[in-house]
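Working notes for the structure below.
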Amino acid sequence: MPQVLNIKVKVPHRSYDIKIGGNILADFPHQLKQLVEGRQIIIVSNSIIYGYHGQQVKEGLIEHGFDVVTYLVPDGEEYKTWQEAEKILTTLLEAGFNRDAVIAALGGGVIGDLAGFVASIYQRGIDLVQLPTTLLAQVDSSVGGKVAVNHPLGKNMIGAFHQPLGVWTDLRALNTLPEREWTAGLAEVVKYGVIWDEDFFDYLEKNVQNIKNRDLAVVREVIGRSCQIKAEIVGQDEKEQGIRAVLNFGHTIGHALEKVTEYKVYRHGEAVAIGMVCAAKVAVYLELCSVQIVERLESLLKKLGLPVEMPNVSSDLILGSLYLDKKVKKKELVLILPRRIGQVEIIRGITPQTIKDCIDRP
Ligand code: NAD
Ligand code: GLY
């Protein structure tokens, strides 16, 4: 396998590369210089991530002639807000950043979404580069151009589609990632197997131990294949008019669970794992797939260390939250449900009673 994987994302008005390898952050400043005219760049990160990986990026950029400003966001989902975006905008204005300036998001999905949102609106949009440092960000949030901040009334409610100029995915950045964050990111990896690629699901089943040990070659394969699948889907449907919705497998119920537990109990990936199992149970209930699909999915998720059981929360609370989800169009419940491993369908008109029965069933 090559040391650096290069995956192309082709969307109507922009094509860009995802570079995946062991020391990608070292190559990033030189490669960026070839891509952009401007020399003003802001690194948006948080103090934990910047403490581990920021200095290398900053020094590399300065060596390559960039004027570097740094903005550190406090750590946590609660800072993915309009208020924080406004502070970054103020920093850009005070530093005299023009339309050739670049925003570099060095971090997980929170930093990527927030910095990306600012890039989408500053002077009607400036270049964004994604330097993802969590597994979730490397396989999902850094790819595909969804950027957003949260509103008190709902997660990701203020946002845009703003594709990056490129994604530099450094596998070494994952060495400092806490175990729980690593495991949570694996839920999105399993998702790709279920929605798109049974061979990939088989590969994950056969490599559980290597994945848990973070074996470098296996990690590169897992991240690379996940990005290829996401690039393929986003390339077909950039703005989620159709097929891109399959990426939401497990997310509708997962988001509802995150919300009713006030974002304090589950990491996003953990809630998605429970949401995927619940969605698979709905598929069995509706006779769309066999119970073996649920068993296979549950077994892989459990072996990877992810939760699979819906906790003891009222199904009415979950249902109430489901109706607030932006994926619930005109009060019609739409879920992504598996037909088999490697194939899902967008199913409309699912009744609240069906969801309730599947959640309440032991
Ligand atoms: P996160 O960004 O909060 O990062 C998780 C934790 O890991 C944080 O405490 C962070 O400081 C720490 N961290 C990050 N990289 C580290 C590293 N290399 N070493 C040590 N610590 C590190 O969480 P996340 O799971 O990456 O992202 C979740 C966010 O992503 C949510 O806001 C979600 O809505 C968003 N998301 C967006 C998309 C999209 O398409 N835009 C897709 C999925 C999720
Ligand atoms: N994370 C879902 C999407 O990018 O569409």
Distance-only side-chain donor-acceptor flag, His268 / Glu188, under 3.5 Å | yes
For residues 114-129, run the donor-acceptor check on the side chains, cut-off 3.5 Å, and write out each pair with its distance to 0.1 Å, sequence neighbours left out.
residue, atom, partner, partner atom, Å
Ser120, OG, Phe117, O, 2.6
Tyr122, OH, Phe97, O, 2.7
Gln123, NE2, Phe97, O, 3.3
Asp127, OD1, Arg14, NH2, 3.1

Mind checking what makes side chain to side chain contact (heavy atoms under 4.5 Å, CB included) contact with Gln353, not counting sequence neighbours?
-> Thr351, Lys356, Asp357
Do Asp140 and Lys191 meet the salt-bridge criterion of a basic N to acidic O distance under 4.0 Å?
-> yes
Any chance the side chains of Thr81 and His151 put a donor and an acceptor closer than 3.5 Å?
-> no
So which heavy atom on Ala231 is nearest to which on Lys8, and how close?
-> CB-O, 3.7 Å
Just checking, is any N or O donor in the side chain of Tyr71 or Glu84 under 3.5 Å from an acceptor N or O on the other one?
-> yes
Residues Glu37 and Arg99 bridged, charged N to O under 4.0 Å = no
Exceeds 12 heavy-atom contacts within 6.0 angstrom, atom CD of Gln34 = yes
Could you label the plane-to-plane angle of the His255 and His251 rings as parallel, tilted or perpendicular, counting under 30° as parallel and over 60° as perpendicular?
-> perpendicular
Is the shortest distance from a Lys or Arg side-chain nitrogen in Lys80 or Asp113 to a carboxylate oxygen in the other one below 4.0 Å?
-> yes
Have Lys155 and Asn150 got a donor and an acceptor in their side chains that come within less than 3.5 Å?
-> no
Is any side-chain heavy atom of Val36 less than 4.5 Å from a side-chain heavy atom of Phe66?
-> yes
Using modelled atom types only, decide if a donor and an acceptor are shared between the side chain of Asn207 and the backbone of Ile211 within a distance under 3.5 Å.
-> no
Carboxylate-amine/guanidinium proximity below 4.0 Å for Arg244 and Glu238 = no
Between Trp196 and Gln343, do the side chains contain an N or O donor and an N or O acceptor separated by less than 3.5 Å?
-> no
Distance only, no hydrogens: is a donor on one side chain within 3.5 Å (strictly under) of an acceptor on the other, for Asp100 and Gln40?
-> no
Apply salt bridge (Lys or Arg N to Asp or Glu O under 4.0 Å) to Glu205 and list each qualifying residue two or more places apart in sequence or on a separate chain.
-> Arg296
So, for Gly305 and Thr183, which heavy atoms are closest and what is the spacing to 0.1 Å?
-> O-CG2, 3.6 Å
